[in-house]
Amino acid sequence: MVPLLRVEGVSKSFRGLLALNDVSFDVVERGIAALIGPNGAGKTTLFNVIAGVFRPDRGAVRLGGADITGRRPDQICHAGIGRTFQLVKPFAQMTVLENVTVAALHGARSVAEAKAAARGFLELLELDTRAGQHAANLTLPDRKRLEVARALATGPRLLLLDEVMAGLRPSETDRMVATLRRLRDETGLTILLIEHVMRAVMALSERITVLHHGEKISEGAPERIVRDPAVLECYLGDQEP
Amino acid sequence: MKAIDLFLSPLSAAGRWLGAVLLVVLLLLPYWGSSYVMTVATTVFYLALVGQSWNLMLGFAGLLSIGHALFVGVGAYASAYLFSAIGLPPAIGVVPAVALAVLIGLLIGYLGFRFAIGGVYFALLTIAFAEFVRIVVDHVPWLGATEGFFLKVSAADRHGIDLANLRGAPEMYYYLIMALALGALVLCRYLLRSRLGYYWQAIRDDPEAAEALGINLLRYRMYAVAISSGMAGVAGVFYAFYQNSLFPEIVFNIERSIEATLGSIVGGVGTLFGPIFGTFILTPLGEFVTEGIDLLKHWRVIDPETKLDGLKLLVWSFIVVLIVLFKPTGLWPWVCHRLRLTRPGAEG
């Protein structure tokens with residue numbers, strides 16, 4: 001089976017600093033995969049390579065078999081990848097509904113159609129009561145939800161979520177997890193998430209890739225990853241006697 | 001009817017009444033206003049048109065232009081030249097004149113966006129082009145160079161209505177520029193509610209996020225520059241046939257470009273009615289200052305020999321400083337709110 005997303009030997013350096021070193025992994029269609037690792041491991045850089053913000057020095061990114069390496073972010077979106085930003089990027093002077101309408105216009109023929117679709121996504125992310133507010137006035141958890149609503153509204157095949165659970169309360173995290181799982185089950189969405197909240201990672205992901213210093217150090221099912229000595233070492237350091 | 005509804009929907013009952021009363025007063029202005037009042041009112045609507053064009057770029061799409069005099073000037077010179085040289089009436093000449101303004105706008109836009117020159121550097125690029133064209137026109141003999149370019153006007157031209165040739169009584173110019181300024185308002189309102197408007201505002205607020213949502217930044221920024229420079233070009237055609245004399249030092253002066261920004265800054269950048277509202281405050285105020293000084297000189301309160309030409313600009317600058325400090329979003333949203341002119345949740 002061809003995976004929906006295939007990252008092949010991607011390397012990327014900034015001014016001689018190697019941020020990603022020969023990273024390869026797959027995400028299967030309808031799968032939920034997680035990308036974890038300590039701060040500075042290169043997770044967000046990898047997201048930006050997939051989303052077209054950075055062109056990799058080496059390697060390729062394939063979506064459904066097609067090579068999308070080096071395309072612009074808007075072209076990547078057209079190819080079927082929706083993404084959120086770790087440092088949230090709301091359209092501050094627009095209302096919450098308008099924010100999502102912009103995204104929904106991607107697949108809609110008219111503004112009215114996009115607006116109607118946007119309302120649906122606001123409901124899904126429990127933002128419907130905030131529809132008329134300016135995005136600048138939202139709390140951080142709500143801004144995170146807005147990021148997800150916006151990315152979803154572009155109608156992606158693959159959703160890239162960059163730390164969308166950070167700052168959510170445990171009960172809110174559980175609701176977000178349930179929402180994402182339901183989306184996958186109902187719409188066939190594929191999800192790749194960067195997450196520090198292990199509660200969410202363990203509950204959601206079927207497969208985890210671990211990055212450390214720009215290299216893939218482990219990969220596998222969640223139960224295996226949490227017992228992998230290499231992973232424990234990178235998070236907790238050497239346990240010398 | 002749908003277009004009218006689109007326009008009225010954000011207004012509250014109070015807003016509609018006030019708007020209707022203002023419209024009637026402005027429509028009847030030629031019946032009681034002196035020729036001086038007519039000149040000021042015509043200037044107000046002219047600047048409101050240029051201001052809206054500028055506001056479309058910065059307020060809607062987040063592109064700062066400090067070279068809008070260029071687009072106005074190109075529209076003015078092109079239509080005036082075509083009229084003088086081959087007798088092309090401005091009603092037709094407006095098409096090539098605006099096309100030229102748009103083309104130059106697109107060239108600046110392409111250079112800026114293609115090479116990712118953003119923010120204040122893009123503004124510098126617009127200034128550079130405006131100055132460049134000013135110096136070129138300064139040296140082109142068939143455009144009158146520094147001596148200026150003049151359109152022939154006979155005494156008979158000052159009466160009646162000849163819209164095709166833009167010749168007629170002052171009232172014709174007044175009604176024409178009023179229609180153009182209000183037409184621009186309707187156009188802006190329509191654009192802001194369309195796909196274009198949504199994309200522009202998204203690009204304005206966060207280009208990176210907009211791009212991630214599938215918006216082609218270059219394309220939609222180019223649309224903004226094209227429409228904005230086109231509107232400014234139309235204003236330029238009006239200017240040429242209203243003034244009948246064009247000097248590069250006046251038309252392309254950076255002061256004209258800054259003038260284009262002031263109304264919007266005072267009224268509210270990014271709002272629909274702000275640029276018009278701001279111009280309605282600033283222009284009469286500037287006139288009041290100028291006239292006041294003349295009066296004081298006449299009464300010998302101040303020495304008639306005193307040079308106070310820059311006082312108007314000083315007063316305007318002072319107001320802009322106050323606005324930026326205390327009402328950075330502009331006066332119009334605040335007035336709207338205080339007088340409840342718009343319905344809750346609706347944008348001015």
Side-chain angles (χ1 to χ4, degrees), chain A residues 47-48 50-53 71-85 87-95 97-115 118 131-136 143 146-147 149-156 159-160 162, chain B residues 2-3 5-6 9-10 55 58-62 113-116 189-223 268-272 274 328-330 332-333 337 342-348:
Chain A
F47 256 35
N48 281 332
I50 298 170
V53 177
R71 289 199 202 168
R72 283 198 316 267
D74 57 306
Q75 294 170 323
I76 298 280
C77 174
H78 286 275
I81 298 181
R83 62 126 0 143
T84 68
F85 291 89
L87 301 170
V88 292
K89 288 177 162 295
F91 303 128
Q93 294 180 62
M94 303 177 81
T95 65
L97 178 63
E98 287 168 342
N99 263 266
V100 184
T101 304
V102 169
L105 273 167
H106 182 65
R109 270 160 306 172
S110 68
V111 172
E113 194 185 310
K115 232 176 208 171
Q133 276 185 24
H134 279 244
R143 287 178 193 214
L146 179 58
E147 285 281 325
R150 237 171 30 179
L152 276 174
T154 63
L159 185 62
L160 303 179
D162 198 347
Chain B
K2 208 179 159 193
D5 185 55
L6 179 81
S9 56
N55 183 50
L58 181 70
F60 296 178
F113 312 141
R114 178 66 187 75
F115 299 104
R189 164 105 190 123
Y190 169 77
L191 287 174
L192 214 50
R193 294 289 106 191
S194 72
R195 180 184 293 264
L196 262 182
Y198 275 90
Y199 284 0
W200 283 340
Q201 293 175 80
I203 294 171
R204 173 197 68 195
D205 282 1
D206 198 312
E208 204 185 335
E211 199 177 22
L213 298 181
I215 299 171
N216 184 329
L217 297 182
L218 176 69
R219 179 187 302 166
Y220 286 95
R221 281 175 168 157
M222 291 292 261
Y223 287 153
V269 174
T271 63
L272 273 170
T329 53
W332 176 245
H337 180 72
T342 48
R343 291 188 320 189
E347 296 268 356

Report task. Heavy atoms only, distances under 4.5 angstrom: which of N216(B), I215(B), D205(B) has the most pairs with chain A? Name it, please. Result ->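 With the most close heavy-atom pairs to chain A, the winner is D205(B).
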Given that the side chain runs from C-beta out, which part of [X] has a heavy atom under 4.5 Å from chain B: side chain, backbone, both or neither?
X       : value
V102(A) : both
A51(A)  : neither
I76(A)  : neither
R83(A)  : side chain

**Report entry** Test side-chain contact (heavy atoms from CB on, under 4.5 Å) applied to F60(B) and L272(B), step by step
**Finding:** CA-CA 9 Å; F60(B) 296 178; L272(B) 273 170; 4.1 Å; yes
Requested in this report: Measure from the side-chain N and O atoms of D162(A) to the backbone N and O of T84(A), and report whether any donor-acceptor pair falls under 3.5 Å.
Outcome: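 No: the side chain of D162(A) does not pair with the backbone of T84(A).
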Report task. Answer yes or no: is there an ion pair linking R193(B) with E98(A), defined by an N-O contact shorter than 4.0 Å? Result ->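 Salt bridge between R193(B) and E98(A), a charged N being under 4.0 Å from a carboxylate O: yes.
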Query raised in the report: In chain order, what residues pass the side chain to side chain contact (heavy atoms under 4.5 Å, CB included) check against P333(B), with sequence neighbours excluded?
Result: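 P333(B): side chain to side chain contact (heavy atoms under 4.5 Å, CB included) contacts with T271(B).
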Requested in this report: Just jot down the side chain to side chain contact (heavy atoms under 4.5 Å, CB included) partners of V88(A), sequence neighbours excluded, or say none.
Outcome: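 Partners of V88(A) under the side chain to side chain contact (heavy atoms under 4.5 Å, CB included) test: P90(A), L140(A), R143(A), K144(A), E147(A).
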